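Everything numeric here is computed off the predicted structure, so don't read it as measured data.
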Amino acid sequence: MFSYKVDNREGNAKVQLNGDLDIDVSEIIEELIPRLLSFENLEFNFSGVPFVDSTGIGLLINLVETLKKNREDVQIQIKHVQPLVNEVFEMLQLQEILGDRVQLLSQLG
């Protein structure tokens, strides 16, 4: 089962994601987006995400693009990406898709 937790400190949000990022979490991600629109700095912790499928990649891209359209100054970090998920991100060249306002860090980052 997928879940998230948002920790808000001084206008910055840290979002802990837990569970598979797949088609089953579409509604949960849609619910998350409005909670994040007011933040300038967002950090997504993927340490609890062991699996991402093509739908999950689409959800992540949509989430990031929506946040970027809402605030021109938004900075996003995706941290602590599990090795198998990082392989998918690298294969799809996700960093290039997400752009320069998004920093994608591996498990070691």
Engineer: Can you tell if the side chain of Phe44 reaches within under 4.5 Å of the side chain of Leu36, non-hydrogen atoms only?
Structural biologist: yes
Engineer: Under a 4.5 Å cut-off applied to non-hydrogen side-chain atoms, are Val49 and Gln82 in contact?
Structural biologist: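 Val49 does not reach Gln82 side chain to side chain.
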Engineer: Leu84 versus Pro50: any side-chain heavy-atom pair under 4.5 Å?
Structural biologist: no
Engineer: Checking Asn45 now: which residues fulfil side-chain hydrogen bond (donor to acceptor under 3.5 Å, both in side chains) with it, not counting sequence neighbours?
Structural biologist: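 Per chain and number, Asn45 pairs via side-chain hydrogen bond (donor to acceptor under 3.5 Å, both in side chains) with Gln16, Ser47.
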Engineer: Identify, with sequence neighbours excluded, every residue that meets salt bridge (Lys or Arg N to Asp or Glu O under 4.0 Å) alongside Glu30.
Structural biologist: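 By the salt bridge (Lys or Arg N to Asp or Glu O under 4.0 Å) rule, Glu30 matches no residue at all.
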Engineer: Who are the side-chain hydrogen bond (donor to acceptor under 3.5 Å, both in side chains) partners of Asn70, not counting sequence neighbours?
Structural biologist: none
Engineer: Say you draw a straight line from CG of Asp24 to CD1 of Ile29; how long is it, rounded to the nearest 0.5 Å?
Structural biologist: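 If I round to the nearest 0.5 Å, the distance is 12.0 Å.
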Engineer: With a 4.5 Å heavy-atom cut-off, do Leu60 and Val52 have their side chains touching?
Structural biologist: no
Engineer: Does CD in Glu96 sit with more than 12 non-hydrogen atoms of other residues, nucleotides or ligands closer than 6.0 Å?
Structural biologist: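 Yes - once you tally the heavy atoms of other residues, nucleotides and ligands closer than 6.0 Å, there are more than 12.
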Engineer: Taking side-chain hydrogen bond (donor to acceptor under 3.5 Å, both in side chains) as the test, write out the residues that go with Glu31, two or more places apart.
Structural biologist: Tyr4
Engineer: Quick check: are there more than 12 heavy atoms from other residues, nucleotides or ligands sitting under 6.0 Å from CG of Asp100?
Structural biologist: no
Engineer: Nearest 0.5 Å, please: how far is CG in Asp22 from CZ in Phe2?
Structural biologist: 9.0 Å
Engineer: Out of curiosity, Ile61 CD1 to Leu94 CG, how far, rounded to the nearest 0.5 Å?
Structural biologist: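 Ile61 CD1 to Leu94 CG: 5.5 Å, rounded to 0.5 Å.
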Engineer: Is Gln95 reaching over with its side chain to a backbone N or O of Gly99, donor-acceptor style, under 3.5 angstrom?
Structural biologist: yes
Engineer: I'd like to know if the side chain of Lys68 reaches the main chain of Leu98, judged simply by a donor and an acceptor atom lying under 3.5 Å from each other, with no hydrogens or angles considered.
Structural biologist: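 Yes, because the side chain of Lys68 sits within donor-acceptor range (under 3.5 Å) of the backbone of Leu98.
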Engineer: Quick check: do Leu67 and Leu37 have side-chain heavy atoms less than 4.5 Å from each other?
Structural biologist: yes
Engineer: Atom CE in Met91, atom CG in Asn86: separation rounded to 0.5 Å?
Structural biologist: 11.5 Å
Engineer: Rounded to the nearest 0.5 Å, what separation is found between the CZ atom of Phe39 and the NZ atom of Lys14?
Structural biologist: 12.5 Å
Engineer: To check you understand the geometry: which heavy-atom pair defines the closest contact between Thr55 and Ser26, and what is its length?
Structural biologist: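 Closest approach of Thr55 to Ser26, heavy atoms only: CG2-OG, 4.4 Å.
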Engineer: So Leu63 and Ile33, do their side chains get closer than 4.5 Å, heavy atoms only?
Structural biologist: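 Yes. Closest side-chain heavy atoms under 4.5 Å.
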Engineer: Using the salt bridge (Lys or Arg N to Asp or Glu O under 4.0 Å) criterion, which residues pair with Arg35? Sequence neighbours excluded.
Structural biologist: none
Engineer: Who are the side-chain hydrogen bond (donor to acceptor under 3.5 Å, both in side chains) partners of Gln103, not counting sequence neighbours?
Structural biologist: Gln77
Engineer: Using only atom types and a distance under 3.5 Å, with no angle test, would you say the side chain of Arg71 pairs donor to acceptor with the backbone of Asn41?
Structural biologist: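 Here the side-chain-to-backbone pair does not exist.
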Engineer: Quick check: are there more than 12 heavy atoms from other residues, nucleotides or ligands sitting under 6.0 Å from CD1 of Ile23?
Structural biologist: no
Engineer: Among Leu21, Val88, Asn62, find the residue that satisfies the side-chain contact (heavy atoms from CB on, under 4.5 Å) test when tested with Ile57.
Structural biologist: Val88
Engineer: Does Arg9 form a salt bridge (charged side-chain N to carboxylate O under 4.0 Å, His left out) with Asp7? I'd like the steps, not just the answer.
Structural biologist: CA-CA 7 Å; Arg9 291 202 178 130; Asp7 182 20; 3.5 Å; yes
Engineer: Checking the side chain of Glu43 only, and the main-chain atoms of Lys79 only, is there a donor and an acceptor separated by less than 3.5 Å?
Structural biologist: no
Engineer: Nearest 0.5 Å, what's the CG-CG distance between Leu32 and Leu17?
Structural biologist: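 Leu32 CG to Leu17 CG: 7.0 Å, rounded to 0.5 Å.
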